[in-house]
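Just below is one structure, and these are the notes that go with it.
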Amino acid sequence: MMLGMVWGMIPTAWRAGISIALVLALVGAVGGAYLYIRHQAYQDGYSAASVACERQKQEQAQANRAAISEAEKRLLNAADELSLKNMELDNAIEALSAAADADPNGLLDCLGVGGVQRLNEIR
């Protein structure tokens, strides 16, 4: 009741201004609460996306490490095979060189039967 008497004593223009100010304050408070809630939801979504992105990065890094490890194993196997083939070629070259050195016609300008056979073995 006391509030009604005080309110009635305030001039009409002031009452309208106070009413508008109170409505604006209420709208501002509701708007601020809405923006705060929206900001929190954005932050939560950003955090969730960040966690998902980090998980994907870790999974991709693990897949990359596994692929690199597999490629290194294949590389080592290929290097071993090439080394064995190189040793086989060296042995074949040594055998052919020894056969050429033992050939009595090795110093002639023409190829003998043994020289032709050795050349055919190289193919």
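The residues of the chain are indexed from 1 along the displayed sequence.
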- request: Decide whether Q60 and N64 meet the rule of one side-chain donor and one side-chain acceptor closer than 3.5 Å.
  value: yes
- prompt: Does the side chain of Y42 come within less than 4.5 Å of R38's, by heavy atoms?
  reply: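 Contact flag for R38/Y42 side chains = no.
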- request: Please confirm whether the backbone N or O of Q43 pairs with a side-chain atom of S47, one donor and one acceptor, at under 3.5 Å?
  value: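 Looks like yes, one N/O pair under 3.5 Å.
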- prompt: Which residue pairs satisfy the salt bridge (Lys or Arg N to Asp or Glu O under 4.0 Å) criterion with at least one member in residues 39-67, sequence neighbours excluded?
  reply: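 For residues 39-67, and leaving out neighbouring residues, the salt bridge (Lys or Arg N to Asp or Glu O under 4.0 Å) pairs sorted by first residue read E54-K57.
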query: With clusters built from Ile, Leu, Val, Met, Phe, Trp and Tyr whose side-chain heavy atoms come within less than 4.5 Å, directly or transitively, what are the remaining members of the cluster of Y34, listed by chain and number?
result: L35
message: Membership question, hydrophobic clusters at under 4.5 Å side-chain separation (ILVMFWY): are I68 and L76 in the same one?
response: no
Considering only distance and modelled atom types, tabulate donor-acceptor pairs under 3.5 Å from the side chains of residues 83-97, sequence neighbours left out.
residue, atom, partner, partner atom, Å
N91, ND2, M87, O, 3.3
S97, OG, I93, O, 3.0

